[in-house]
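Questions regarding the structure given below will be posed in turn.
Order of the sequence lines sets the chain letters (A, B, ...), proteins ahead of strands, with each chain counted from 1. The basis for the numbers below is simple: all heavy atoms, side chains too, and nothing from hydrogens, waters or symmetry mates. Just so it is clear, the model here is predicted, and its values are computed rather than measured.
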Amino acid sequence: MIHVRFSPSPTGFLHVGGARTALYNWLFARHHGGTFSLRIEDTDRQRSSQEFTEDILEGIKWLGLDWDTGPIFQSQRLELYNRYVEMLLSSDKAYHSEEEGKKAVRFRMPHDALEFKDIIRSTITFDASLIEDFVLRKADGFPTYNFACMVDDAEMRITHVIRGDDHIANTPKQIALYKALGLEPPQFAHLPMILGEDGTRLSKRHGATAVKEYRDLGYLPDALINFIALLGWSPGEDREVVSREEMVKCFTLERVGSTSARFNKTKLDWMNSLYIRQTPAGELLRGLKPFLSSAGVDAEGLEESWLKALAELYRERFKTLQDFFLQTSFFFTEEVEYQPEVVDKFLKGEALTGILQEVYDELSGLEDFRKEALEGCLRRLVERKHIGFGKLAQPLRVAITGRTVSAGIFETMELLGKEKTLKRLSHCLHTFCKAESSPEANLPRA
RNA sequence: GCCCCCAUCGUCUAGUGGCCCAGGAUGCCAGGUUCUCAGCCUGGAGACUGGGGUUCAAAUCCCCAUGGGGGUACCA
């Protein structure tokens, strides 16, 4: 039976690197029908905090990685580590030391050559004589990382340690500890790091690095998971879009690469838009509503079917859930703001004024405001006027949306509704076209 | 400084000695579809870090150099 764990230290938010480590452990456990445990390594009393612990747990939950046991907290297991310290002390494999008035227990590091097989890399060898006698128990009574990690891995019967390769240098120390205690070390798999877009270690200046930031920006957990999984792992056969279930099915550590990967937001955006396009509208709506609410829209007060139709209409156009409101905001407001440049380009000129007036007249006489009827009506109009449809569509789009890009004009009008559509058209005719057209004649008669 | 790891298109990667004058994806460019944008379709440019070996044959194996990353804490 395979047992793995994810063991973050709560000294920072869960970032994409940690998320990937958690994901690979989870995938490995699920693939082999083993267990996946959570362990919080909070032995640094200064830097650890409850806030980070909660952030990490919430992040893992949001990503949909369920765990079988834990979380266990190392800060609550001092007694256990002390037992191991006594064992090492009594067999003279460890000793008390004092530096600058601080009493600690150090491990008597054996000086023989050390090597271990890494599943992802080749055999890694170390000259143990270069490794000093490291501290097992600090002056404050807490264990150090290397010691607590080893004791817990042994106690939890961890069979595979899958972690970031910044831990490679720790591995010989931990193996030496296993040997000193007469225990069999687990197998190790060190994952290459995830770097920032510029190839340097991931940090705040790379923009969003925390998992929760991606959630708040409107990325779907499945999309993030898929993207992150590909940072170092490949299912082969030129496949890239892989569902969770498929990943579980085909995940192996052998297919994890050994080169560090740069985080590439552009590709994440593509992946996210792909998942958005594949998500059923109802489900998409659940994700969208919180974003609408935070934008000040009373999402619950809106008609579900209308909102669903809107999401359906725009699903191919937004890359993040946050992006959705940015593109559709004009549906949720009474008035629309018009940019001067856009007005000059699309709403001025006599010919235009005339045609927009005719559009207004035609539309106000329409009973059926569904897209098919709207299309028929406007197509007939441009045919009568002998102009290309584009000549009409753009000014009309600007008039009712305030922008030069939107979804199809008929669908947009249908969802906007007759009232708002006419109101905005009327507003434009009054405000922008007035001066250049003959006074009364061209004004909406509505 | 010392120790360790790594090295294929801008980026993520496929590739485990011949199928590779290197495949996919993304991004970029061009064209098509079209009421704009997006999407979709078609095409294009774009890489084996360098140098030595080994071999009939090397992106694949070995060595060196270079570059990048990590470690060198009573942090994890």
(message) Using atom P in both nucleotides, what's the gap between B/rA58 and B/rC40 to the nearest angstrom?
(response) 41 Å
(request) Give one of base, sugar-phosphate or nothing for A/D140, where a contact means two heavy atoms less than 4.0 Å apart. (result) nothing
(message) Taking pairing as Watson-Crick or G-U wobble with both contacts under 3.5 Å, can you name the mate of B/rC35, or confirm there isn't one?
(response) none
(message) For A/T200, give me all partners under side chain to side chain donor-acceptor pair (under 3.5 Å), at least two apart in sequence or on another chain.
(response) A/D198, A/R205, A/H206
(request) Name all residues meeting the side chain to side chain donor-acceptor pair (under 3.5 Å) criterion together with A/E383; count only those two or more places apart in sequence or in a different chain, and write none if there are none. (result) none
(request) Would you mind pulling out the nucleotide paired to B/rC21, Watson-Crick or G-U wobble, both distances under 3.5 Å? (result) none
(message) Please classify the nucleic acid contact of A/T43 as base, sugar-phosphate, or nothing, using heavy-atom distances under 4.0 Å.
(response) sugar-phosphate
(request) Could you check whether A/R239 gets within reach of a base, just the sugar-phosphate, or nothing at all, counting any heavy atom under 4.0 Å? (result) nothing
(message) Strictly by Watson-Crick or wobble contacts shorter than 3.5 Å, is anything paired with B/rG67, and which nucleotide is it?
(response) B/rC6
(request) On RNA chain B, reading 5' to 3', which nucleotide is the first and which the last to sit with an atom under 4.0 Å from a heavy atom of chain A, could you check? (result) B/rC3 to B/rA76
(request) Pick base, sugar-phosphate or nothing for A/T404, based on heavy-atom distances below 4.0 Å to the nucleic acid. (result) base
(message) I need the full list of salt bridge (Lys or Arg N to Asp or Glu O under 4.0 Å) pairs touching residues 156-181 of chain A, with sequence neighbours left out, sorted by first then second residue.
(response) A/R121-A/D165
(message) What contact category does A/E41 fall into here, base, sugar-phosphate, or nothing, at under 4.0 angstrom with non-hydrogen atoms?
(response) sugar-phosphate
(message) Checking A/H160 now: which residues fulfil ring pair (Phe, Tyr, Trp, His ring centres under 6.0 Å) with it, not counting sequence neighbours?
(response) A/F28
(message) Less than 3.5 Å apart, any donor N or O on the side chain of A/R5 or A/S7 sitting next to an acceptor on the other?
(response) yes
(request) Report the base-pairing partner of B/rC61 (Watson-Crick or G-U wobble, both distances below 3.5 angstrom), or none. (result) B/rG53
(request) Please work out if A/R47 contacts a base, only the sugar-phosphate, or nothing of the nucleic acid, heavy-atom cut-off 4.0 Å. (result) base
(request) Could you work out the separation of B/rC2 and B/rG17 based on their C1' atoms and round it to a whole Å? (result) 37 Å
(request) Remember a base hit wins even if backbone is also touched, and classify A/R45 as base, sugar-phosphate or nothing at under 4.0 Å, heavy atoms. (result) nothing
(request) For A/N146, check side chain to side chain donor-acceptor pair (under 3.5 Å) against everything at least two apart and list the hits. (result) A/N170
(request) Please test A/F263 against A/F227 for ring pair (Phe, Tyr, Trp, His ring centres under 6.0 Å), starting from the C-alpha separation and ending with a verdict. (result) CA-CA 9 Å; A/F263 193 87; A/F227 173 74; 5.1 Å; yes
(request) Quote, to the nearest angstrom, the C1' distance that separates B/rG32 from B/rG69. (result) 45 Å
(message) Tell me which nucleotide, if any, is Watson-Crick or G-U wobble paired with B/rU16 when both distances must be under 3.5 Å.
(response) none
(message) When both hydrogen-bonding distances must be under 3.5 Å and the geometry is Watson-Crick or G-U wobble, what is B/rU42 paired with, if anything?
(response) B/rA30
